[in-house]
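Chain A is the first sequence line, chain B the second, and so forth, proteins listed ahead of strands; every chain is numbered from 1.
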Amino acid sequence: MTVRVRYAPSPTGEPHVGNIRTALFNWLFARREGGRFIVRIEDTDQTRLVEGSVEKILDGLRWLGLDWDEGPEAGGEYGPYFQSERLPYYHQAVEDLLRSDDAYLCFCSPERLEQVRAEQAARKEPPRYDRHCRDLTDDERREREAQSLIPVVRFKTPLSGQTRFNDLIRGEIVFENAVLDDFVILKSDGFPVYHLASVVDDHVMEITHVMRADEWLPSTPRHVLLYAALDIEPPVFAHMPMIVGPDRAKLSKRHGAVSIGEYSRQGFLQEAMFNFLGLLGWSLDDHTEIISKQQFVENFSLERIGVTAAIFDMEKLTWMNGVYIRQLSAEDLTDRMLPFLDRDLPPSIDRPLDISYVMQITPLIQERLKRLDEAAELTDFFFAGDELPYDLSLLLGKRFAENSAGALAALHAAYVILAEASIWKSETLESFLRPLADKLELKTGDFFGLLRVAVTGRTAAPPLFQTMAALGRDRTLARLDIAAQRLDDSVAAPR
RNA sequence: GGCGCAUUCGUCUAGCGGCCCAGGACACCGCCCUCUCAAGGCGGAGAUCGCGGGUUCGAAUCCCGCAUGCGCUACCA
């Protein structure tokens, strides 16, 4: 029997990382086992639909490279893959359950249910449906139908006994039927509730393994009961640990970036995200951190999925992203960086950006870059005009704070020697400037630091000679000249 | 409240009875490299394995209880 697993999101917004991690594990399992990965959209709650979210969910999957064998866009023999288009299946199942007396019509109004719950709460009882309509006589039922009350259908949960199932990750789980209530399976709008729809679909679509988040564990006995009532074989269950926020609560918007799209916009590489997510709740061994997709596919196993909820550690993700960025070729990094530069560089800078120029800059920031959205602030001085907005005190630093004349002389000397340079290459520039530091009796750190501020407007920047080389002769000289002039002006100006 | 699941460095984790007075990674600290910042190398600090009982020659690993956390408890998924 070939493995068939599904990722079944509901289109209620952007998919969050926990959700996508579930998709990832399903995909990994399918690929490892040579099975099929199916995407099914669970859009049975018409009130919660959010326009455009299906596209966002699919984009998220595509971004991570999680291709699906069946589902929206891909099609497949088990379609349709939107539950809203599968109503006849559910209605048939409801009919069967009604006929076999495993379900019943319930005419209770939302108001009554609300009131029942309130009373139960007041008495400190567990809030559950009181089974008011479970044993309605035919007459009573007809009477309500005559009032044109629209019923829901509830499952007739056994009043006693136990429901047990084996979870691949957690072992045997047992529930007392007595603590389960008569849950709704078909809503008054004619749409099924998750429990019914997923059971029916998983069966019809021949899903072999239901791998979903931990939060579903408590409702699994309902599903097991439904399978039994429908007289069909349940799939294998595997409930995986959830991803939680720093406070260990279920991940939500208030924890900051949670949707997969946000990570992409923040400049995380899909490779890094894949690796990081794959390691949240699963491990290859006791020491491997950087794992390629292929390695994941080759080694993935359900046995190595952990049981405890994991906090999403942004710091580690960021580190890992840096590792992946450093592994990229200059061409590849440039391609990926370009959209970010385009988005983040000041509007005053002309577009389109010069790709060959960016290509020269890329290697200079590659090992300083942890997220693609940092590219602009790391490189803006390469694109800015030569009048850089730095403070004179920054230019002078500690070394020249009381010696602006010395700084001026050094700037001049550098200008003069560079102006004569016939070849404008990093090594050449260094071969001129390093001896010059000696001649000026300045420590290289002090001398180069001065030049760095003059050329980049900041104290922390890529290596000086490479920066000058990329910037080009004219702009480098212009910046040295401007720095010297500013110094000169400040000396001449009365305090 | 009821039910369920979980509990190893701050965080992600390794560990499935002796190899563990617990290993790796991120973060943190120090040193080295060095024109700054990074990257890299080396080293350090950091976990009485939630607590209490058992079982066993021997337990982080098995069993029981407790505590704590989280999840579920909808005509949401």
Protein-proximity profile, nucleotides 19-27 of chain B, B/S/- by nucleotide at the 4.0 Å heavy-atom cutoff, equals ----BBBSS

Given protein heavy atoms under 4.0 Å, the one-letter contact record of nucleotides 71-77 of chain B, with B base, S sugar-phosphate only and - none, is simply BSSSBBB

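Heavy atoms of A/P462 sit under 4.0 angstrom from at least one base atom. The residue A/F465 sits close to a base: some heavy atom pair falls under 4.0 Å. Here A/P463 lies in heavy-atom contact (under 4.0 Å) with a base. Within 4.0 Å of A/I173, counting heavy atoms only, lie sugar-phosphate atoms of the nucleic acid but no base atom. Residue-level contact check: A/T459 touches the bases, meaning some heavy atom is under 4.0 Å from a base atom. Among the heavy atoms of the strands lying under 4.0 Å from A/I311 are primed sugar atoms or P, OP1, OP2 only; no base atom is included. Contacts of A/G306 with the nucleic acid, taken as non-hydrogen atoms under 4.0 Å apart, are absent.
For A/K250, the side-chain hydrogen bond (donor to acceptor under 3.5 Å, both in side chains) partners are A/E215, not counting sequence neighbours.
Between the CZ atom of A/R452 and the P atom of B/rU34 there is a distance of 15 Å, given to the nearest Å. In this entry the distance linking CG of A/L302 with C1' of B/rC16 reads 17 Å, nearest Å. Nucleotide B/rU34 holds its P atom 17 Å from the CG atom of A/L464, rounded to whole Å. Atom CD1 in A/I290 sits roughly 10 Å away from atom P in B/rG40 (whole-Å rounding). Between the CG atom of A/L394 and the C1' atom of B/rC37 there is a distance of 13 Å, given to the nearest Å. Counting to the nearest Å, the P atom of B/rA39 and the CD atom of A/E374 are 11 Å from each other. When the P atom of B/rA6 is taken as reference, atom CD1 of A/I305 falls 14 Å away, rounded to whole Å.
Relative to the ring axis of A/F448, A/R452 does not place its NZ or CZ within 45° and under 6.0 Å from the centre. For the pair A/R434 and A/F432, the NZ or CZ position fails the cation-pi test of under 6.0 Å to the six-membered ring centre and within 45 degrees of the ring normal. Annotation: cation-pi geometry not satisfied between A/R40 and A/F82 (NZ/CZ under 6.0 angstrom from ring centroid, within 45° of ring axis).
For A/Y89 and A/D201, the side-chain atoms include no donor-acceptor pair closer than 3.5 Å. Inspection of the A/N177 and A/T163 side chains reveals an N or O donor paired with an N or O acceptor under 3.5 Å.
Picking from B/rA6, B/rC35, B/rC5 the nucleotide with the shortest atom distance to the side chain of A/R434 gives B/rC35. Across B/rA14, B/rU36, B/rC5, the shortest atom-to-atom separation from the side chain of A/R368 is found for B/rU36. Listed nucleotides B/rC35, B/rC3, B/rU13 differ in distance to A/A310; the shortest reach to its side chain belongs to B/rU13.
Here A/F300 and A/W282 bring their ring centres to under 6.0 angstrom of each other. Residues A/Y194 and A/W216 bring their aromatic ring centres within 6.0 Å.
Judged by closest nucleotide on RNA chain B, A/V307 is the one of A/V307 and A/E430 placed further toward the 5' end.
In this model, the phosphate group of B/rG15 is approached by a side-chain N or O of A/R304 to a distance below 4.0 Å at OP1 or OP2. For A/T308, no side-chain nitrogen or oxygen approaches OP1 or OP2 of B/rU7 to under 4.0 Å. Using a 4.0 Å cut-off, some side-chain N or O of A/R326 falls inside it from OP1 or OP2 of B/rG40.
A/S252 and A/V258 get closest at one heavy-atom pair: O-CG1, 3.4 Å. Closest of all the heavy-atom pairs between A/L394 and A/G457 is CD2-O, 3.5 Å.
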